[in-house]
Amino acid sequence: TAKKAKKIEDLLMSSEYIVWVRSTVGKSRWGNQVHENRANFRVELVPPPDQKVPLKDLMKKWEQKVKDMGEFETVRFIESWWSHDGGSPIAIQVLENRDDKRSWVSEKIKSELEKIDSLKNVEVEQPVIKKEYALDLDRGKAISSGIDIGQMARTLRAYLNGQILYRFYSDEEVDVRLTSIQGAKSEVSQLTNLGVSNSLGYIIPIKNLVTVRENLKPVNIQRLNYKRSNMIYADFSDNPKLTSLEIADYMEEKVFPDLSKESPTTLFNFRGDVEDARDSQS
């Protein structure tokens with residue numbers, strides 16, 4: 001992705017109106033981790049009086065040239081708003097610790113924003129999802145089998161993360177760790193096939209004592225005031241009839257109250273342009 005992104009950088013830097021380009025791979029607009037096949041570019045142009053070609057015309061030209069390369073699934077050029085990292089005039093932060101509820105609320109907000117004629121390109125920032133395995137211990141079986149639960153936990157931890165045998169010091173502190181080879185811990189079945197000794201010295205397979213649950217979890221979690229969060233973005237359409245503050249007022253008066261009734265623990269924050277405009281008014 002970085003190699004292909006370089007082609008877009010070269011295209012942009014060939015323009016006489018570009019001051020600099022900063023690209024990031026595997027990061028969202030706000031710096032959160034996303035899939036490694038995505039790249040974002042921040043571009044600074046010369047001041048408007050020095051631009052002989054309107055910005056919208058420049059963006060259309062660049063977008064067409066990138067499409068002609070035929071190497072990218074999706075390419076979108078956005079006029080940055082107030083130099084915020086989010087780049088969009090509407091940026092809503094949804095705060096909710098329950099993943100399913102936060103996702104539901106975010107989709108509801110997205111559908112409401114899509115109904116506003118002054119907006120386009122509404123998107124919910126989606127984190128990278130990975131598999132997670134939870135081992136539910138049957139404590140009754142463990143106790144009747146004479147298993148020390150603490151010892152069982154230490155066995156699993158040593159198998160996955162290794163166990164520090166000793167450390168020595170030269171220019172820096174170095175741990176000497178005993179661990180299993182990487183190929184021996186690529187499947188959860190390899191973990192549950194391990195045995196742990198009981199109080200009589202017999203080896204009991206861990207799979208006889210636990211139930212495995214598979215979950216899907218985000219790779220990274222963004223929090224604000226101890227609440228998990230994600231962002232929703234929207235850009236202005238070509239001829240917007242509403243300002244960002246008017247859209248924010250509408251959402252707070254007509255949309256957020258109903259969502260709060262359905263999900264009382266969920267909080268909403270406007271970031272970016274709306275946040276700055278209100279701070280300036282204050």
Side-chain angles (χ1 to χ4, degrees), residues 1-48 50-94 99 102-103 106-107 109-110 113-114 119-132 182-183 186 216-222 228-238 271-273:
T1 305
K3 290 178 180 178
K4 290 186 179 294
K6 180 66 165 56
K7 297 182 179 181
I8 298 181
E9 291 177 15
D10 293 341
L11 169 65
L12 294 170
M13 288 306 300
S14 66
S15 171
E16 59 183 302
Y17 304 116
I18 298 294
V19 178
W20 55 257
V21 178
R22 184 180 71 202
S23 60
T24 56
V25 175
K27 297 288 184 181
S28 70
R29 302 193 202 180
W30 285 80
N32 302 332
Q33 185 175 349
V34 296
H35 290 288
E36 60 187 14
N37 65 331
R38 290 185 57 181
N40 276 286
F41 303 87
R42 295 272 296 157
V43 181
E44 182 178 334
L45 288 80
V46 296
D50 297 332
Q51 298 175 21
K52 299 178 182 179
V53 180
L55 177 57
K56 289 184 179 180
D57 292 343
L58 286 173
M59 290 198 298
K60 287 180 181 179
K61 175 184 175 182
W62 293 328
E63 191 166 5
Q64 186 57 51
K65 286 190 174 182
V66 173
K67 286 182 179 178
D68 291 342
M69 293 179 184
E71 300 184 49
F72 303 94
E73 183 177 328
T74 304
V75 179
R76 187 149 58 91
F77 285 80
I78 302 171
E79 182 178 354
S80 184
W81 201 256
W82 290 95
S83 298
H84 283 292
D85 288 340
S88 295
I90 299 298
I92 302 174
Q93 188 175 38
V94 179
D99 294 338
R102 188 175 65 256
S103 177
S106 297
E107 289 300 324
I109 293 176
K110 178 184 176 183
L113 291 174
E114 288 175 336
L119 297 177
K120 65 178 182 179
N121 298 333
V122 183
E123 64 174 313
V124 178
E125 185 176 271
Q126 299 291 351
V128 178
I129 301 299
K130 68 173 182 179
K131 287 184 180 180
E132 177 186 82
Q182 194 62 37
S186 57
L216 295 176
K217 292 289 184 180
V219 171
N220 63 311
I221 299 171
Q222 297 297 316
R228 295 185 179 188
S229 71
N230 64 272
M231 298 297 300
I232 304 166
Y233 299 107
D235 303 322
F236 280 138
S237 57
D238 293 337
R271 305 296 301 272
D273 177 44

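Side-chain atoms of N121 and S88 form no donor-acceptor pair, as typed in the model, at a separation below 3.5 Å.
In the displayed structure, K217 atom NZ is contacted under 6.0 Å by more than 12 heavy atoms of other residues, nucleotides or ligands. When the shell of 6.0 Å around NZ of K120 is examined, it contains more than 12 heavy atoms from other residues, nucleotides or ligands. Within 6.0 Å of atom CZ in R228, more than 12 heavy atoms from other residues, nucleotides or ligands are found, so the atom counts as buried in its surroundings. Surrounding CD of E36 are at most 12 heavy atoms belonging to other residues, nucleotides or ligands under 6.0 Å away.
Considering CG of L45 and CG of D50, their distance stands at 11.0 Å, rounded to 0.5 Å. Atom CD of residue E123 and atom CE of residue M231 lie 10.5 Å apart, to the nearest 0.5 angstrom.
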*Check the pair T1 / N37 against side-chain hydrogen bond (donor to acceptor under 3.5 Å, both in side chains), numbers first and verdict last.*
CA-CA 6 Å; T1 305; N37 65 331; over 6 Å; no
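Nearest heavy-atom pair across A2 and V25 is CA-CG2, 4.0 Å. The shortest non-hydrogen separation linking N40 to K27 is ND2-O, 2.7 Å.
Comment: D10 engages K6 in a salt bridge, judged by a side-chain N to carboxylate O separation of less than 4.0 angstrom. Salt bridge annotation for R102-D99: present, with a cationic side-chain nitrogen under 4.0 angstrom from a carboxylate oxygen.
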Per-pair distances, 0.1 Å, donor-acceptor, side chain in residues 11-18, under 3.5 Å, sequence neighbours excluded:
{"from": "S14", "atom 1": "OG", "to": "L11", "atom 2": "O", "distance (Å)": "2.5"}
{"from": "S15", "atom 1": "OG", "to": "Y17", "atom 2": "N", "distance (Å)": "3.2"}

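Evaluated for a salt bridge (Lys or Arg N to Asp or Glu O under 4.0 Å) with E71, the options K65, K3, K7 yield exactly one hit, K7.
Under a 3.5 Å cut-off, the side chain of N230 and the backbone N or O of S103 do not form any donor-acceptor pair.
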